[in-house]
Undergrad: 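Attaching a single structure in structure tokens format; questions to follow.
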Amino acid sequence: MDIIINGKRQRFDGDPDMPLLWYLRDELGLVGTKFGCGIASCGACTVHVNGEAQRSCSVPMAGAEGASITTIEGLAKGDKLHPVQQAWIEEDVAQCGYCQAGQIMAVSDFLKSNPNPTDADIDQSIGNLCRCGTYPRVRKAVHRAAALMRG
């Protein structure tokens with residue numbers, strides 16, 4: 001099966017039940033996408049599948065056939081960081097950093113449909129877990145990213 005990962009066509013001939021997460025990490029070496037829980041609950045493995053945030057631990061390779069996948073490694077455009085990545089740095093969001101790639105991927109999708117979110121919108125819509133509890137900094141970064149994206 002063919003799949004586009006970060007703009008590059010890839011060929012997968014393995015087990016169609018293999019989670020997309022394992023293909024990304026183990027076969028392509030894209031280790032920015034993290035394994036957190038394996039049951040699509042925590043969000044550490046969030047990637048974009050055809051432009052929408054999805055938890056890659058629960059997407060079988062058969063379900064990714066023909067899809068365009070963007071991982072944290074493909075979010076920036078060349079040397080220019082995505083506004084969410086820039087906001088994460090400016091707001092010093094990461095503590096341990098383990099969940100941050102998934103957080104960034106979820107937020108970048110969220111802001112496409114909600115360019116001026118309230119704190120309540122953020123709390124209700126971003127369900128990724130942060131075991132370090134950086135949620136106040138995440139909210140600040142979401143607001144900063146939204147402002148950067150609005151120009």
Side-chain angles (χ1 to χ4, degrees), residues 1-114 117 121-142 144-146:
M1 75 180 67
D2 287 331
I3 186 171
I4 306 292
I5 310 283
N6 297 331
K8 293 175 64 177
R9 184 171 303 283
Q10 302 288 341
R11 182 88 186 135
F12 177 77
D13 293 318
D15 180 355
D17 292 328
M18 172 194 264
L20 173 60
L21 173 64
W22 298 134
Y23 178 64
L24 295 172
R25 290 183 59 80
D26 296 345
E27 297 198 21
L28 298 182
L30 298 171
V31 296
T33 304
K34 305 295 187 206
F35 173 81
C37 65
I39 58 172
S41 187
C42 74
C45 67
T46 303
V47 298
H48 294 172
V49 178
N50 294 326
E52 294 184 14
Q54 291 193 21
R55 295 182 177 178
S56 62
C57 71
S58 67
V59 175
M61 288 304 296
E65 184 172 6
S68 178
I69 311 293
T70 303
T71 69
I72 191 70
E73 292 91 347
L75 192 60
K77 300 296 180 214
D79 292 336
K80 183 166 175 47
L81 293 176
H82 186 280
V84 177
Q85 292 171 306
Q86 186 62 44
W88 244 246
I89 292 167
E90 291 173 5
E91 293 298 337
D92 196 24
V93 174
Q95 189 164 333
C96 85
Y98 196 83
C99 69
Q100 297 308 303
Q103 296 267 8
I104 289 168
M105 297 305 288
V107 168
S108 62
D109 180 37
F110 166 71
L111 288 175
K112 289 187 296 188
S113 62
N114 196 338
D121 295 333
I122 296 165
D123 293 347
Q124 184 176 26
S125 298
I126 305 299
N128 292 49
L129 299 178
C130 174
R131 289 174 175 90
C132 298
T134 63
Y135 301 111
R137 292 191 304 230
V138 166
R139 273 188 227 101
K140 283 181 69 176
V142 172
R144 183 182 291 260

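Values reported hereafter were calculated over all heavy atoms of this structure, with side chains retained and with hydrogens, waters and symmetry mates removed.
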Undergrad: Apply side chain to side chain contact (heavy atoms under 4.5 Å, CB included) to Q10 and E27, showing your working.
TA: CA-CA 11 Å; Q10 302 288 341; E27 297 198 21; over 6 Å; no
Undergrad: How close do C42 and G36 get, counting heavy atoms only, and between which atoms?
TA: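 Heavy atoms only, the tightest pair is SG-CA, 3.6 Å.
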Undergrad: Where is the tightest heavy-atom contact between C57 and G38, given as atom of each residue plus distance?
TA: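 Between these two residues, the closest heavy atoms are SG-C, 3.7 Å.
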Undergrad: Could you tell me which residues satisfy side chain to side chain donor-acceptor pair (under 3.5 Å) with Q86, sequence neighbours excluded, listed by chain and number?
TA: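 If we apply the side chain to side chain donor-acceptor pair (under 3.5 Å) test to Q86, skipping adjacent residues, the hits are E90.
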Undergrad: Please list, chain by chain and in numerical order, all residues satisfying ring pair (Phe, Tyr, Trp, His ring centres under 6.0 Å) with F110, sequence neighbours excluded.
TA: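 Partners of F110 by the ring pair (Phe, Tyr, Trp, His ring centres under 6.0 Å) criterion come out as none, since no residue qualifies.
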Undergrad: What pair of heavy atoms forms the shortest contact from R139 to D123, and how long is it?
TA: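 R139 and D123 have their closest heavy atoms at NE-OD1, 2.6 Å.
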Undergrad: Please determine whether the number of non-hydrogen atoms from other residues, nucleotides or ligands lying under 6.0 Å from atom CZ of R9 exceeds 12.
TA: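 Atom CZ in R9 is not packed in, count stays at 12 or less.
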Undergrad: Taking side chain as C-beta onward, heavy atoms only, is R131 less than 4.5 Å from Y98?
TA: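 In short, these two side chains do not touch, never coming nearer than 4.5 Å.
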Undergrad: If I compare all heavy atoms of P60 with all of P16, which pair ends up nearest, and what's the gap?
TA: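 Minimum heavy-atom separation between P60 and P16: CB-O, 3.6 Å.
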Undergrad: For V107, run the side chain to side chain contact (heavy atoms under 4.5 Å, CB included) check against I104, L111, D109 and tell me which one passes.
TA: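 Filter result, single survivor: L111.
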Undergrad: In Å and rounded to the nearest 0.5 Å, what is the CG to CD1 distance from N114 to I122?
TA: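 Atom-to-atom, N114:CG and I122:CD1 are 8.0 Å apart.
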Undergrad: Give the minimum heavy-atom separation between M61 and M1, together with the two atoms involved.
TA: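 Of all heavy-atom pairs spanning M61 and M1, the closest is O-SD, 3.1 Å.
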Undergrad: Tell me, please, which residues at least two apart from F35 pass ring pair (Phe, Tyr, Trp, His ring centres under 6.0 Å).
TA: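 Partners of F35 by the ring pair (Phe, Tyr, Trp, His ring centres under 6.0 Å) criterion, ordered by chain and then number, come out as W22.
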Undergrad: Mind checking whether K140 and V93 have side chains closer than 4.5 Å, heavy atoms only?
TA: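 No, side chains not in contact.
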Undergrad: So L20 and I3, side chain to side chain contact (heavy atoms under 4.5 Å, CB included) or not? Walk me through it.
TA: CA-CA 11 Å; L20 173 60; I3 186 171; 4.2 Å; yes
Undergrad: Quick one: which residue pairs count as a side-chain hydrogen bond (donor to acceptor under 3.5 Å, both in side chains) with a foot in residues 38-63, not counting sequence neighbours?
TA: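 Only T46-N128, H48-S108, R55-N128 qualify under side-chain hydrogen bond (donor to acceptor under 3.5 Å, both in side chains).
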Undergrad: Once rounded to the nearest 0.5 Å, what's the spacing between atom CZ of R25 and atom SG of C45?
TA: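 One finds 10.5 Å between CZ of R25 and SG of C45.
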Undergrad: Contact between P117 and V142 at the side-chain level, heavy atoms closer than 4.5 Å - yes or no?
TA: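 Yes, at least one pair of side-chain atoms sits under 4.5 Å.
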Undergrad: Taking side chain to side chain donor-acceptor pair (under 3.5 Å) as the definition, give me every residue that meets it alongside Q103, ordered by chain and number, with sequence neighbours left out.
TA: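 For Q103 there are no side chain to side chain donor-acceptor pair (under 3.5 Å) partners, ignoring immediate neighbours.
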Undergrad: Rounded to the nearest 0.5 Å, what's the gap from CZ on R144 to CD1 on I89? Could you check?
TA: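 It is 11.5 Å, given to the nearest 0.5 Å.
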Undergrad: Using the side chain to side chain contact (heavy atoms under 4.5 Å, CB included) rule, take D2 and R11 through it: C-alpha gap first, then chi angles, then the decisive distance, then the call.
TA: CA-CA 5 Å; D2 287 331; R11 182 88 186 135; 3.2 Å; yes
Undergrad: Strictly by side-chain hydrogen bond (donor to acceptor under 3.5 Å, both in side chains), give each pair with a member in residues 65-75 just once, sequence neighbours left out.
TA: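 Output for this query lists N6-T71, T71-E73.
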Undergrad: Is there a side chain to side chain contact (heavy atoms under 4.5 Å, CB included) between T134 and Q100? Walk through the geometry before answering.
TA: CA-CA 10 Å; T134 63; Q100 297 308 303; 3.9 Å; yes
